[in-house]
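The structure under discussion appears below in the form of structure tokens.
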Protein chains: 2
Amino acid sequence: MPVPAGRSPVMADVARLAGVSHQTVSRVLNGHPNVRAETQARVQAAIEELGYRRNSSARALVTRRTGVIGVVAFDTTHYGPAQTLAGIEHAARADGYFLSVVTLQTVTPAAVREAMDYLAQQSVEGYVVIAPKRAVVEGLADQPAGRPVVAVEGGEAPDVPMVCVDQVGGGYLATRHLLDLGHRTVHHIGGPRDWLEAEGRIEGWRRALEEAGAEIPEPHFGDWRPRSGYDIGVRLAADPAITAVFVANDQMALGTLRALAEAGVRVPEDVSVVGFDDIPESAFFTPPLTTVAQDFTEVGRRGIGLLIDLLEESGDGAAAPPARRVVPARLVTRTSTAPARA
Amino acid sequence: MPVPAGRSPVMADVARLAGVSHQTVSRVLNGHPNVRAETQARVQAAIEELGYRRNSSARALVTRRTGVIGVVAFDTTHYGPAQTLAGIEHAARADGYFLSVVTLQTVTPAAVREAMDYLAQQSVEGYVVIAPKRAVVEGLADQPAGRPVVAVEGGEAPDVPMVCVDQVGGGYLATRHLLDLGHRTVHHIGGPRDWLEAEGRIEGWRRALEEAGAEIPEPHFGDWRPRSGYDIGVRLAADPAITAVFVANDQMALGTLRALAEAGVRVPEDVSVVGFDDIPESAFFTPPLTTVAQDFTEVGRRGIGLLIDLLEESGDGAAAPPARRVVPARLVTRTSTAPARA
DNA sequence: GCGGGGAATGTTAGCGCTAACAATGTTGCC
DNA sequence: GGCAACATTGTTAGCGCTAACATTCCCCGC
């Protein structure tokens, strides 16, 4: 009986079929050097004949490594996090790690803690946390089990290694672009205040204005969704002095465009608008949106890279200061921006 | 020494601290009935004092259950799959399962097979495959290890249990809506032909037209992206006879709206447009898009529900015919549709 | 007072794998 | 020829847990 009925084959079955000890099978599986080529071939053949698969639990039990990385993500219709997750997944798989994902509805430290706890039950080796809010990042520092954590997509955070897009640089880029077009100043529709990304973008905006000696108007704050960009847009449309708006994401910018259109304000003739994210739709807005693109895939890749470094160095000398990798943002110019009226 | 230095505590440590055998600790952990309340409390206290966590590998090794569900998803900027994934995750966690996710770049049977193989290494108990293409669904039937598979988001498929939104019904709804507004016929911009969703939507469209005795124009096919909707839209705009278009997703509809606007065709006065998906942006398109909403969360929930049924019944009598659960679609009326010109 | 029965707990034997060590060849060199 | 050095293989002992069986304890009824 080639395949023992009723149960899937184990290493001993392969060993018996190949006429070796189970240890030799293990050696073949682990690419151990000292195995004769002929033996290796015989074992390999037996493995294929039986359709043998190594039992990951048994292996994990003895090696004390599960090869699983826990990811805390957000249940979101936002483009960025979804893309980042995909980037993380590819990078992890390329390095032979598995990904266990928990998505959260609410972005609170408690929810994150709970999610990490849940993942800990599964013996993940480390965590990647998509942590776009300040409170979340702060809650990350004191991890109980001492498993490494990498934060992704957050802004500035002190004690946790992290990877993020240069939000400040992106905000600066957007604002600078509008100033370069001759606009006196640039109004801003920001994201929720407790989001690190929103914070970075607003800071870049402010910095560009300061640097140019421009007036700094009071910013408005939305909730990332089109509706809020619309509501604020309605108010902005009423002020004829406004000629340039930098909106903290494309979805809100969409709402703003719509509000302006309804008010009879032409974009870009009367008002220039810049968004942030470069979602796939934004090239087809009315008008196509100038925006700031983020390389989320790269963020995911570096996040995993950082975590794996942490995982594999673990145990060596003193902990290096938490690493921090910043991915640059890039301006994508379309037709929602134009030179200021003379 | 309360916590043994250097290694995390195991069951025996808890047992020692609580003055019981490790088996009693196990019993407490597993909610076994025959444990004295006082003993249970003592064990519980010891667990907390040591910060003990059960080793999932050891447990999985002996119980032969990992509690992990493998998910094959797609690296996509499409709204639907991302939402479905979130729905799947919530449902799985609610039932105490873990999720191991692989995202694919290409939707081919080989890629899916490979992904499932990768997941098999991790001893997943079953699979949820987001399988929007016919070829993929077909490749699913002959799973080697006999682990259950549930397909999600596909259309009609013979041998695999599956959960999907009623695409045909949705296409019918969209088309019927336009016919009810007095349009003579409805043109269609479909998704890629090998996508099951595209197929269902086109069939619903065709059925509504047939039922109404309307002429059935040759459909056009895009690739789901705004650009393709735009390109086709440019052509449609040139034909003044066209008064109603049903586009198979919102992103393409966005492109179509843009093409019509550029050609000076007014929506909805000259042409009515209906999309599909109800992405968050579509309420803010120019004009706000009438579309068909899908309850992706519900799809995810039912998908997991179905898989868990399969997992937990497994071993009982004859396999029931593959289950099939259909979630209805819902029309969302906005201002991109209006009665036909007289 | 004592045997029976159930509740509460302990003891033992693996689950399937890898690491460490032991035991064989097998070669080369004096 | 004999022995050291190495390559190759086998043997043994757990990893931390749960299931099955064994034991103890206590209460009950006769």
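Chain naming here is simple, since letters A, B, ... match the order of the sequence lines and numbering starts at 1 in each.
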In whole Å, I'd like the distance from the CG atom of B/Asn55 to the P atom of D/dG16.
7 Å
Residue pair B/Arg64/B/Thr24 against DNA chain C: nearer the 5' end by closest nucleotide is B/Thr24
Options C/dA8, D/dG16, D/dG10, nucleotide nearest the side-chain atoms of A/Ser21:
D/dG10
Could you state the atom-to-atom distance from CZ of B/Arg16 to C1' of D/dG16 in whole Å?
13 Å
Rounded to whole Å, please give me the gap between CD in A/Glu38 and P in D/dT9.
8 Å
Provide a list of protein-nucleic acid N or O atom pairs under 3.5 angstrom, restricted to nucleotides 23-28 of chain D.
none

With the threshold set at under 4.0 Å for non-hydrogen atoms, list the residues of residues 27-37 of chain A touching DNA chain C in residue-number order.
A/Asn30
Do you see a donor-acceptor pair shorter than 3.5 Å between the side chains of B/Gln122 and A/Ser56?
no
Return whichever of B/Gln40 or A/Thr63 has its heavy-atom-nearest nucleotide of DNA chain C closer to the 5' end.
B/Gln40
For the pair A/Thr66 (side chain) and A/Val124 (backbone), establish whether a donor and an acceptor sit closer than 3.5 Å, ignoring hydrogens and angles.
no
Backbone N/O of A/Gly67 and side chain of A/Glu125: donor-acceptor pair under 3.5 Å:
yes
Do B/Val72 and B/Met116 come close enough that some side-chain heavy atom pair is under 4.5 Å?
yes
Axis deviation across the helix from C/dG1-D/dC30 to C/dC30-D/dG1, five-pair ends, to the nearest 10°:
50°
A/Asp295 and side-chain contact (heavy atoms from CB on, under 4.5 Å): which partner among A/Val165, A/Thr84, A/Val327?
A/Val327
Looking at D/dC15, D/dT9, D/dT18, which one has an atom nearest to any side-chain atom of A/Val62?
D/dC15
Separation of atom CZ in B/Arg42 from atom P in C/dA8, rounded to whole Å:
14 Å
In the structure I gave you, are the side-chain heavy atoms of B/Ile47 and B/Leu29 within less than 4.5 Å of one another anywhere?
yes
Closest to the A/Gln23 side chain, choosing from D/dT11, C/dT11, C/dG16
D/dT11
A/Leu61 atom CG is separated from D/dG14 atom P, nearest whole Å, by 14 Å
Side chains of B/Leu99 and B/Val68, heavy atoms from C-beta outward: is any pair under 4.5 Å?
no
Any side-chain heavy atom of B/Leu119 sitting closer than 4.5 Å to one from B/Ser100?
yes
Could you state the CZ-C1' distance from A/Arg54 to C/dC15, rounded to the nearest angstrom?
17 Å
Have B/Arg64 and A/Asn55 got a donor and an acceptor in their side chains that come within less than 3.5 Å?
no
Decide yes or no, distance alone: a donor-acceptor N/O pair under 3.5 angstrom between the base of D/dT18 and the side-chain of B/His22.
yes
Determine, step by step, whether A/Asp117 and B/Arg53 satisfy the salt bridge (Lys or Arg N to Asp or Glu O under 4.0 Å) criterion, reporting the C-alpha distance in whole Å, the side-chain angles of both residues, the deciding distance to 0.1 Å, and the verdict.
CA-CA 10 Å; A/Asp117 236 63; B/Arg53 290 211 122 100; 3.0 Å; yes
Which listed nucleotide (C/dT18, D/dC17, C/dT9) is nearest to the side chain of B/Ala58?
D/dC17
Whole angstrom is fine here: how far is it from CZ in A/Arg59 over to C1' in C/dC15?
17 Å
OP1, OP2 of C/dT9 versus side-chain N and O of B/Thr39: anything below 4.0 Å?
yes
Hey, are the side chains of A/Ile130 and A/Glu153 touching, using non-hydrogen atoms and a 4.5 Å cut-off?
yes
Using a heavy-atom cut-off of 4.0 Å across all strands, would you classify A/Ser57 as base, sugar-phosphate, or nothing?
nothing
Can a donor-acceptor pair be found, under 3.5 Å and without considering hydrogens, that links the side chain of B/Thr63 to the backbone of B/Arg65?
yes
